[in-house]
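In each ligand, atom 1 is the first atom listed, and ligand 1 is the first ligand listed.
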Amino acid sequence: MPKPETVPGPAADARVLGIETSCDETAAAVVRGDGTILSSVVRSQIDEHRAYAGVVPEIAARAHQAHLAPTIRRALSEAGSRLGDLSGIAATGGPGLIGGVMVGTMTAKAMASVCDLPFLAINHLEAHALTARLVAAGTGEALTFPYLLLLVSGGHCQLVAVQGVGRYRRLGTTIDDAVGEAFDKTARILGLGYPGGPAVERLAADATAPERFPLPRPLLGRPGSDFSFSGLKTAVRQIVDRLPPGPIDRPVAADLAGAFQAAVGDILADRTAHALVGFDGRGDVSLVVAGGVAANRMLRSRLAAVASAAGARLIAPPPALCTDNAAMVAWAGLERLALGQADPLSFKPRPRWPLDPAAEPALGSVAGKAGAKA
Ligand code: KG4
Ligand code: ZN
C-alpha cells in the first residue's frame, strides 16, 4: 500500500501573524510552527450587522478598518511577540467581501514591507482546510496528506480531497445554497435573527417531535457527492406560511429547527459516506470537517458515525477554530512558508478563489459568488 505523504511541517520556532477580515470577524493571531496558538483575537461584528439580519459589506469594511489595528496590537501583546520575532505576515486574500479583504491584505503588506518580512496571501478556504493540521501539530500528532475534507461554511459546502498544501481536488459541491446559508435563511424564517446557525442549533435542542415536519432531503442516495439545500429551506418556508400569522409558537419553532437540522444531518452524512467509498486515503483514512457549520454538535456526531462506519477517523477542530479566526490563517502561512512560498506585494485580493481551479463551477452555486461569505 502506498505510504501517506510526509511533507515536512513548519519549523517549530517559526512565528507568523495571521489576519482575517474576509467577512464579519476582524481577527488577528500569532501561531508558532509547533502548532502552539500564542494568541487568537476575534472581534465579531455581530452588533454592527444585527439590525440588518445579515452582513452588510460596506459596514463590514469600515468596521475592519476601525478595529484591525487594535486587534493586531492585542494579538501581538497577548502572544508576547514583537514584530521582530515574526517569520512572516499572513492575511486572507480571498475569497470573501472585497472591502474587508483589501483592509486585511493592505495592512499585512504594509507591515511586511516595513519589517522586511515575507507576505503571504492566504486562501480563506485553504485556511479552513489546513486547520486540522494545526490542531494535530498542537497535540504532537501529525495529520498526513491525503485526507477527505468536508468544508461547511457560510458560503461553501464542498467535499475535497486534500492532497497537500495548495493541492485540492473537489469531489462534490452544492448546486444551490451553501449549508451555512441554509442555516441562516432558516433562522430568518423562524424569526431567530443573525447569526443563524448557532440560534437554530440552540432551538433544535428543545425539539420534542421534529418528525411531525417531514422535510425533503435533496439528492439523498444519488450517485456522486454534490449537495442541494435550497428545496429544504423552501419547504421550511412553506410550512411557516401555513401557520397562523404572528410569531411562531416556541415548541413549533423548536420542532421545525430540529427537523431542519436532522435533514441537513442526513444530507451531509449521505454525501460524505459516498465520497468516503471511493476515497484513497493511502492507509488510515481521515475525514476532516471544517468551516463554521462544523461547530454544530449534532452534525459532528452524525459525521463521527459516518466515519466510523467507513473505518475512517473523524477529525473535527474545536468549535472556536471552525468558525472564522486568524489562527487558521497564520497556520496556513506557516505551512506555505515551510514550502518556501510567499506572495509579492503586488498581490491583488481575490473575491473569488476556488480551492480546485480545475473544478467546473456548480450550476447555480453560491460558491465564489462575489459578496458571498467564504
Ligand atoms: O466559516 P464561517 O465562520 O464563515 C464563513 O467563512 O462563511 O461560517 C459561518 C457560517 C454561518 O452560516 C453560521 O450560521 C454557521 O457557519 N454556523 C453554524 C454554527 N455556528 C456557525 N451553523 C450551524 N450550527 C452552528 N453551531
Ligand atoms: Zn470561513
Side-chain angles (χ1 to χ4, degrees), residues 18-27 40 42-46 49-50 53-55 57 60 91-97 100-101 104 122-132 149-158 174 177-190 192-205 229 232-233 257-258 260-265 267-268 288-303 316-329 331-332 351-353 355 366-369 371-374:
I19 293 173
E20 159 58 36
T21 53
S22 67
C23 193
D24 57 346
E25 272 94 15
T26 309
S40 180
V42 180
R43 186 202 174 273
S44 157
Q45 299 178 0
I46 288 175
H49 300 290
R50 186 175 278 120
V55 180
T92 296
L97 299 171
V101 175
I122 302 298
N123 181 322
H124 180 91
L125 306 177
E126 173 157 62
H128 277 304
L130 297 175
T131 301
L149 168 73
L150 173 66
L151 177 60
V152 278
S153 70
H156 294 86
C157 185
Q158 300 182 4
T174 179
D177 291 351
V179 61
E181 190 182 9
F183 266 96
D184 294 335
K185 287 180 177 169
T186 297
R188 222 171 294 160
I189 295 168
L190 296 177
L192 302 178
Y194 156 88
V200 171
E201 179 175 22
R202 276 194 301 276
L203 186 59
F229 295 101
L232 177 56
K233 160 209 73 192
F260 168 81
Q261 209 175 235
V264 172
I267 296 168
L268 293 181
V288 168
V289 62
V293 181
N296 186 290
R297 267 162 304 197
M298 193 280 291
L299 296 179
R300 291 162 82 100
S301 74
R302 291 294 307 269
L303 293 168
L321 290 176
C322 289
T323 49
D324 285 351
N325 64 88
M328 66 180 191
V329 177
W331 176 257
R352 300 164 193 233
W353 191 352
L355 268 184
V366 295
K369 188 168 72 180
K373 290 191 72 178

- [ ] Tell me which one of Asn296, Asp184, Asn325 gets a heavy atom nearest to atom 12 (O) of ligand 1.
- [x]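 Among Asn296, Asp184, Asn325, the closest heavy atom to atom 12 (O) of ligand 1 belongs to Asp184.
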Task: Minimum-distance pair of heavy atoms, taken over all atoms of Ile189 and Lys233 - done: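 Distance-wise, the nearest heavy atoms are CD1-O, 3.8 Å.
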Kindly indicate whether the side chain of [X], heavy atoms from C-beta on, has any atom under 4.5 Å from the side chain of [Y].
X: Leu190; Y: Phe260; answer: no
X: Leu125; Y: Pro95; answer: yes
X: Asp324; Y: His128; answer: yes

Give the numbers and elements of all ligand 1 atoms closer than 4.0 Å to a heavy atom of [X].
X: His128; answer: 1 (O), 6 (O)
X: Asp324; answer: 1 (O), 2 (P), 3 (O), 4 (O), 5 (C), 6 (O)
X: Thr323; answer: 3 (O)
X: His124; answer: 6 (O)
X: Gly180; answer: 12 (O)

Task: Side-chain (Arg300) to main-chain (Ala294) donor-acceptor, under 3.5 angstrom - done: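 Indeed, once roles are kept as given, a pair shorter than 3.5 Å links the two residues.
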Open item on the list: Test your reading of the model: is there a side-chain donor-acceptor pair from Gln261 to the backbone of Met298, 3.5 Å cut-off?
Closed with: no
Open item on the list: Is Cys23 close enough to the Zn ion (ligand 2) that one of its N, O or S atoms comes in under 2.8 Å?
Closed with: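 False for Cys23.
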TODO: Decide whether Ser44 and Glu25 meet the rule of one side-chain donor and one side-chain acceptor closer than 3.5 Å.
DONE: no
- [ ] Show your reasoning for whether side-chain contact (heavy atoms from CB on, under 4.5 Å) applies to Glu181 and Phe229.
- [x] CA-CA 9 Å; Glu181 190 182 9; Phe229 295 101; over 6 Å; no
- [ ] Report the part of Pro198 in contact with ligand 1, treating N, CA, C, O as backbone and CB onward as side chain, heavy atoms under 4.0 Å; options are side chain, backbone, both, neither.
- [x] both
Open item on the list: Any nitrogen or oxygen of Gly154 lying under 3.5 Å from a nitrogen or oxygen in ligand 1? Just yes or no.
Closed with: yes
Task: Distance-only N or O hit between ligand 1 and Gly292, under 3.5 Å - done: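 It does: an N or O of Gly292 is found under 3.5 Å from an N or O of ligand 1.
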Task: Asp324 OD1 and His124 NE2 subtending at the Zn ion (ligand 2) (10° steps) - done: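 The two atoms subtend 90° at the Zn ion (ligand 2).
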